[in-house]
J.: 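Have a look at this one before I ask anything.
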Amino acid sequence: MSKAQGSGARGFPAFAARRGGRAWGRSFWAAQWAGAVEDVWPEEGPLKRGRSFARTGRIGPITVSPGRVAAEVYGGEETYTTRLTLTVLDDDEWDLLWERTADRPAETEALLAGDLPEDLLEAVEDARVRMLPGYGYGDLDADCGCDTPDHPCGHATALAYQLSWLLDTDPWLLLLIRGRDAEEAVEELKSALLLRALAGDEEEDEAYDAEAGDETVGGTAQEPDDSLQRAAYARPATPLPALPPLPEPPAAPEEPLTGIEADPLDRLAADAALRARELLAYAHGFGTTPPEPLDVWQDTVRLAATHPDPREAERLRTGCGRPAEDLDRAAAAWRTGGRAALDVLEHPWTPPEQQTARARTALAAAWEAEELPPVDVDGNHWTLTGRGLQLRLGRDGRWYPYRRRAGLWWPAGPPSADPAEALADLTAPADDM
């Protein structure tokens with residue numbers, strides 16, 4: 001049920017100096033925390049020095065985060081970093097805690113209302129998970145930059161006592177130290193309650209099925225009236241509208257719009273248009289997941305393909321970590337169709353047989369003046385033997401023309417939904433295979 005959470009750190013201002021009084025907080029959770037700390041570190045010397053130092057006002061702002069409490073302490077002329085570290089609960093432990101809490105209606109109601117009830121400790125003990133320090137060896141540890149041989153030092157115990165002061169106003173910090181902030185804890189408890197409710201509904205349904213003889217007319221069990229649901233599902237699906245065609249590229253102005261030699265506005269607009277088309281394609285069913293952000297290689301190819309300054313392309317060739325010819329071919333592919341065209345260049349795949357059969361029919365019908373030359377089909381690569389021409393079917397349903405040049409296949413034009421149309425401009429044969 002739980003997932004690894006991204007609970008963030010919380011900061012608190014430094015406490016001012018205090019005169020006398022208790023060294024630990026006054027609330028239930030503050031007293032429980034201080035008592036557990038003293039059980040883990042029972043030596044009176046460091047504890048006594050910590051109680052005294054906590055009141056001096058020489059501990060800076062405190063940061064509380066999962067598994068860590070930290071602050072700067074001012075020891076005379078020097079400043080030290082002092083840290084308390086605690087074990088963060090894993091997802092299974094949190095799940096078990098919320099299951100045990102859900103068994104207790106009063107505690108559950110208090111948690112959902114934003115309070116941390118005292119009796120929650122019983123659920124913690126029942127689940128055998130950590131909340132207060134001391135559950136298992138090494139659960140609470142300390143680290144400080146001072147040279148004091150004591151472990152823990154007085155700075156660390158002072159920080160532990162000051163944390164109890166924070167618990168007077170925000171006891172939820174106990175959960176944050178273990179890995180969940182208040183909002184995450186409440187949401188996970190709600191999920192546990194929901195799963196329990198769903199499981200209860202299933203048990204009731206099973207019990208109803210077992211006793212169906214009680215709901216009969218003339219000895220026959222009554223079927224629920226689901227005519228409205230059946231009628232709704234019987235309606236024909238409304239077809240989605242066709243994807244709009246790509247607009248013609250705008251004419252480049254004679255002077256940059258911003259007055260900068262390498263005007264970035266046209267490239268930004270082109271990138272936005274390609275991104276919009278990818279999102280539209282996903283919305284219309286071309287792809288199972290929305291397009292992800294570009295990785296480093298894809299973004300390098302995009303810059304090489306669209307940047308107007310030739311010096312930028314040369315810089316990318318030098319620093320991309322791949323042969324310059326790879327980047328040139330990738331950039332040529334990008335200029336024909338963006339990320340989808342780059343995917344066609346670099347990642348072969350096997351289309352469904354039905355799609356392959358339709359393509360064969362379309363090519364044969366379009367070859368009127370001469371017989372269609374032999375076609376070697378290898379996955380989504382269709383090579384016209386002896387002509388140095390090739391079509392590649394993209395996952396977006398479009399055909400991308402390629403021409404063989406110096407022993408390599410290079411993108412040779414814009415894609416088309418019709419394989420015959422994609423070959424229209426490839427009339428002159430190039431190097432043979």
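Basis for what follows: all heavy atoms, side chains included, without hydrogens, waters or symmetry-related copies.
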J.: State whether the side chain of Thr157 and the backbone N or O of Pro46 hold a donor-acceptor pair below 3.5 Å, judged by distance alone.
T.: yes
J.: Below 4.5 Å, heavy atoms only, C-beta onward: do Leu84 and Asp143 meet side chain to side chain?
T.: no
J.: Side-chain polar contacts of residues 117-125 - donor-acceptor pairs under 3.5 angstrom, sequence neighbours left out - could you list them?
T.:
{"unit_1": "Glu122", "atom_1": "OE1", "unit_2": "Arg104", "atom_2": "NH1", "d": "3.0"}

J.: Please, which pairs that meet salt bridge (Lys or Arg N to Asp or Glu O under 4.0 Å) have at least one residue in residues 327-336, sequence neighbours excluded?
T.: Arg317-Asp328
J.: To the nearest 0.5 Å, what is the distance between CZ on Arg395 and CG on Asp343?
T.: 6.0 Å
J.: In Å, rounded to the nearest 0.5 Å, how long is the span from CZ of Arg180 to CG of Leu97?
T.: 10.5 Å
J.: Show the numbers, then the answer: is there a salt bridge (Lys or Arg N to Asp or Glu O under 4.0 Å) between Glu314 and Arg311?
T.: CA-CA 5 Å; Glu314 186 59 35; Arg311 293 172 296 181; over 6 Å; no
J.: Would Arg405 count as a cation-pi partner of Trp410, with NZ or CZ less than 6.0 Å from the six-membered ring centre and within 45° of the ring normal?
T.: yes
J.: Ignoring hydrogens, what is the shortest heavy-atom contact between Ala333 and Ala341? Give both atom names and the distance.
T.: O-CB, 3.0 Å
J.: Just so I know, are the side chains of Leu391 and Tyr400 near enough to count as touching, which here means a heavy-atom distance under 4.5 Å?
T.: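 A side-chain contact is absent here, since even the closest heavy-atom pair is not under 4.5 Å.
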J.: Of the non-hydrogen atoms in Trp399 and Ala359, which two are nearest, and what is the gap between them?
T.: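 The pair with the smallest heavy-atom distance is CZ2-CB, 3.3 Å.
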J.: Hey, does the side chain of Trp334 reach the backbone of Gln298 with a donor-acceptor pair shorter than 3.5 angstrom?
T.: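 Judged by distance alone, no pair lies under 3.5 Å.
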J.: Mind listing the closest non-hydrogen atom pair of Pro401 and Pro415 along with its distance?
T.: CD-CA, 4.3 Å
J.: Would you say the side chain of Thr383 lies within less than 4.5 Å of the side chain of Trp409, judging by non-hydrogen atoms?
T.: yes
J.: Is Arg322 paired with Glu346 through a side-chain N to carboxylate O contact shorter than 4.0 Å?
T.: yes
J.: In terms of heavy-atom contacts, does CD of Glu183 have more than 12 from other residues, nucleotides or ligands at under 6.0 Å?
T.: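 Incorrect, the count does not exceed 12.
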J.: Can a donor-acceptor pair be found, under 3.5 Å and without considering hydrogens, that links the side chain of Thr56 to the backbone of Ser52?
T.: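 Not at all, since once roles are kept as given, no pair shorter than 3.5 Å links the two residues.
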J.: Evaluate the side-chain contact (heavy atoms from CB on, under 4.5 Å) criterion for residues Val73 and Arg58: first the C-alpha distance (whole Å), next the side-chain angles of each, then the deciding distance (0.1 Å), finally the verdict.
T.: CA-CA 6 Å; Val73 299; Arg58 289 159 59 187; over 6 Å; no
J.: Is there any salt bridge (Lys or Arg N to Asp or Glu O under 4.0 Å) pair reaching into residues 158-174, and which pairs are they, with sequence neighbours excluded?
T.: Arg10-Asp170
J.: Nearest heavy-atom pair of Trp382 and Val375: which atoms, and what distance?
T.: CE3-CG1, 3.8 Å
J.: Could you walk me through whether Val69 and Ile62 pass the side-chain contact (heavy atoms from CB on, under 4.5 Å) test, one step at a time?
T.: CA-CA 7 Å; Val69 182; Ile62 301 175; 3.8 Å; yes
J.: Hey, does the Lys NZ or Arg CZ of Arg392 hover above the aromatic six-ring of Tyr402, less than 6.0 Å from the centre and inside 45° of the axis?
T.: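 Flagged: Arg392 positioned over aromatic ring of Tyr402.
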J.: Measuring from atom CG of Leu140 to atom CG of Leu86, what distance do you get when rounded to the nearest 0.5 angstrom?
T.: 5.0 Å
J.: Can we say Arg130 and Glu93 salt-bridge, meaning some charged N sits less than 4.0 Å from an Asp/Glu carboxylate O?
T.: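 Judged by the 4.0 Å cut-off on N to carboxylate O distance, Arg130 and Glu93 do form a salt bridge.
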J.: Is there side-chain contact between Ile177 and Leu163, with at least one heavy-atom pair below 4.5 Å?
T.: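 The answer is yes; the side chains approach within 4.5 Å.
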J.: Do Trp297 and Leu327 come within less than 4.5 Å of each other through their side chains, counting heavy atoms only?
T.: yes
J.: Between Asp378 and His381 (side chain of the first, backbone of the second, donor and acceptor by atom type, cut-off under 3.5 Å), is there such a pair?
T.: no
J.: Gln32 pairs by side-chain contact (heavy atoms from CB on, under 4.5 Å) with which of Leu132, Leu174, Val37, Leu167?
T.: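 So the option named by the test is Leu132.
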J.: From Leu166 CG over to Ser27 OG, what is the distance, rounded to the nearest 0.5 angstrom?
T.: 10.5 Å
J.: Could you pull out the closest heavy-atom pair between Thr148 and Cys153, with the gap in Å?
T.: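 Closest approach of Thr148 to Cys153, heavy atoms only: CB-CB, 4.1 Å.
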J.: List the steps and the verdict of side chain to side chain donor-acceptor pair (under 3.5 Å) for Thr81 and Glu72.
T.: CA-CA 5 Å; Thr81 298; Glu72 297 291 320; 2.7 Å; yes
J.: If you compare all heavy atoms of Thr336 against all heavy atoms of Pro411, which two are closest, and at what distance to 0.1 Å?
T.: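 Shortest heavy-atom separation between Thr336 and Pro411 comes out as CG2-CB, 4.3 Å.
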J.: Which residue pairs pass the ring pair (Phe, Tyr, Trp, His ring centres under 6.0 Å) test when at least one of the two sits in residues 159-196, sequence neighbours left out?
T.: Phe15-Trp165
J.: If you measure from the Lys or Arg side-chain nitrogens to the Asp or Glu carboxylate oxygens, is any gap between Glu187 and Lys190 under 4.0 Å?
T.: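 Salt bridge between Glu187 and Lys190, a charged N being under 4.0 Å from a carboxylate O: yes.
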J.: Please assess Cys144 against Arg83 for the test side-chain contact (heavy atoms from CB on, under 4.5 Å), listing each intermediate value before the final yes or no.
T.: CA-CA 6 Å; Cys144 185; Arg83 289 179 291 268; over 6 Å; no
J.: With a 4.5 Å limit on heavy-atom distance, are the side chains of Leu111 and Val186 in contact?
T.: no
J.: Kindly state each residue pair satisfying salt bridge (Lys or Arg N to Asp or Glu O under 4.0 Å) with at least one member in residues 40-50, sequence neighbours excluded.
T.: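 Every salt bridge (Lys or Arg N to Asp or Glu O under 4.0 Å) pair that includes a residue of residues 40-50, provided the two are not neighbours, is Glu44-Arg51, Arg49-Asp150.
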J.: Can you confirm whether or not the ring centre of Trp29 sits under 6.0 Å from the ring centre of Trp33?
T.: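 No.
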J.: With sequence neighbours excluded, give me every ring pair (Phe, Tyr, Trp, His ring centres under 6.0 Å) pair touching residues 339-359.
T.: none
J.: Please round to the nearest 0.5 Å and tell me the distance separating atom CZ of Arg100 and atom OG1 of Thr108.
T.: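 If we round to the nearest 0.5 Å, Arg100:CZ and Thr108:OG1 are 13.0 Å apart.
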J.: Inspect the contact between Asp90 and Arg178 and indicate whether a charged nitrogen and a carboxylate oxygen are less than 4.0 angstrom apart.
T.: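 Asp90 and Arg178: not salt-bridged.
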J.: Give a yes or no answer on whether the side chain of Ser164 reaches the backbone of Ala30 with a donor-acceptor pair at less than 3.5 Å.
T.: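 Looks like no, no N/O pair under 3.5 Å.
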J.: What's the separation between atom OG1 in Thr350 and atom CG in Asn380, rounded to the nearest 0.5 Å?
T.: 7.5 Å
J.: Under 4.0 Å between a side-chain nitrogen and a carboxylate oxygen: does that hold for Asp103 and Arg196?
T.: yes
J.: Could you check whether Thr85 and Asp141, counting side-chain N and O atoms only, form a donor-acceptor pair closer than 3.5 Å?
T.: no
J.: Would you sort out whether Trp94 and Leu175 count as a side-chain contact (heavy atoms from CB on, under 4.5 Å), showing the intermediate values?
T.: CA-CA 10 Å; Trp94 282 111; Leu175 274 65; 4.1 Å; yes
J.: Checking the side chain of Glu188 only, and the main-chain atoms of Ala185 only, is there a donor and an acceptor separated by less than 3.5 Å?
T.: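 Judged by distance alone, no pair lies under 3.5 Å.
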J.: With distance as the sole test, does Arg55 use its side chain to make a donor-acceptor pair with the main-chain N or O of Ala17 at under 3.5 Å?
T.: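 Such a contact is absent between Arg55 side chain and Ala17 backbone.
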